[in-house]
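Here is the structure we will look at, set down as structure tokens.
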Amino acid sequence: MPVLDIENKPRIHWACRRGMRELDIAVMPFFQHEYDTLTDEQKRNFVRLLTSPDPDLFNWLMNKGRPDDDALYEIVRLIQERNQARMAAQTAAYYPD
């Protein structure tokens with residue numbers, strides 16, 4: 001799969017659609033809520049990450065291994081951290097003290 005242009009958001013959105021529901025739940029919200037906040041370098045690495053096979057991506061996002069490429073590992077960690085923070089904020093808003 002050729003690397004996508006980081007400005008071609010419709011194509012990147014399509015590439016975020018995976019064959020596994022668990023990946024869709026992790027990757028799509030990150031793209032929808034966080035992509036525009038990334039640096040160009042992070043965007044390039046995110047797009048590169050999308051070229052990974054689903055089983056590898058799933059394992060990395062579930063902390064069952066990590067990519068050998070440190071830049072891809074940084075994006076995996078960023079996806080996990082941002083998704084977790086967004087879910088915590090949504091939970092706090094839904095269940096206020």
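Positions are given from 1, in the same order as the sequence printed here.
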[atom2] on [Y] to [atom1] on [X], rounded to 0.5 Å:
{"X": "E7", "Y": "I12", "atom1": "CD", "atom2": "CD1", "answer": "7.5 Å"}
{"X": "N83", "Y": "E81", "atom1": "CG", "atom2": "CD", "answer": "10.5 Å"}
{"X": "R18", "Y": "S52", "atom1": "CZ", "atom2": "OG", "answer": "7.0 Å"}
{"X": "L57", "Y": "E22", "atom1": "CG", "atom2": "CD", "answer": "11.5 Å"}
{"X": "Q42", "Y": "I6", "atom1": "CD", "atom2": "CD1", "answer": "10.5 Å"}

Check: Is there a path from F58 to Y73 through hydrophobic residues (I, L, V, M, F, W, Y) whose side chains come within less than 4.5 Å of each other?
Finding: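 No.
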Item checked: hydrophobic_cluster_shared for L49 and W14, side chain cutoff 4.5 Å ->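 No: no chain of side-chain contacts under 4.5 Å links W14 to L49.
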Item checked: Heavy atoms from other residues, nucleotides or ligands near CZ of R17 exceed 12 (cutoff 6.0 Å) ->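 Incorrect, the count does not exceed 12.
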Notebook entry, point to check: For M87, does the CE atom have more than 12 heavy-atom neighbours from other residues, nucleotides or ligands under 6.0 Å away?
Noted result: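 No, CE of M87 has 12 or fewer neighbouring heavy atoms, counting only those of other groups under 6.0 Å.
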Next item on the list: With sequence neighbours excluded, tell me which residues meet side chain to side chain contact (heavy atoms under 4.5 Å, CB included) with Q80.
Entry: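 Result, side chain to side chain contact (heavy atoms under 4.5 Å, CB included) vs Q80: L61, N63, V76, R77.
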Notebook entry, point to check: Which residues pass the side chain to side chain contact (heavy atoms under 4.5 Å, CB included) test with A71, sequence neighbours left out?
Noted result: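 Only N45, R48, D69 meet the side chain to side chain contact (heavy atoms under 4.5 Å, CB included) criterion with A71.
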In a table with atom names and distances, give each donor-acceptor pair under 3.5 Å that connects a side chain of residues 25-34 to protein atoms at least two apart or in another chain.
unit_1 : atom_1 : unit_2 : atom_2 : d
E34    : OE1    : R82    : NH1    : 3.1
E34    : OE2    : R86    : NH1    : 2.7

Please report the shortest heavy-atom distance between [X] and [Y], naming the atom on each side.
{"X": "K43", "Y": "Y35", "result": "CE-O, 3.3 Å"}
{"X": "L78", "Y": "L38", "result": "CD2-CD2, 3.5 Å"}
{"X": "W60", "Y": "P67", "result": "NE1-N, 3.4 Å"}

Notebook entry, point to check: What residues form a salt bridge (Lys or Arg N to Asp or Glu O under 4.0 Å) with D56, not counting sequence neighbours?
Noted result: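 Salt bridge (Lys or Arg N to Asp or Glu O under 4.0 Å) list for D56, sorted by chain: empty.
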Margin query: Test of understanding: with salt bridge (Lys or Arg N to Asp or Glu O under 4.0 Å), list the residues that count as partners of D24, not counting sequence neighbours.
Written below: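 Salt bridge (Lys or Arg N to Asp or Glu O under 4.0 Å) list for D24, sorted by chain: empty.
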Taking only residues two or more places apart in sequence, or in another chain, which ones meet [X] in a side-chain hydrogen bond (donor to acceptor under 3.5 Å, both in side chains)?
{"X": "E41", "value": "R44"}
{"X": "N59", "value": "none"}
{"X": "D40", "value": "none"}
{"X": "D68", "value": "none"}

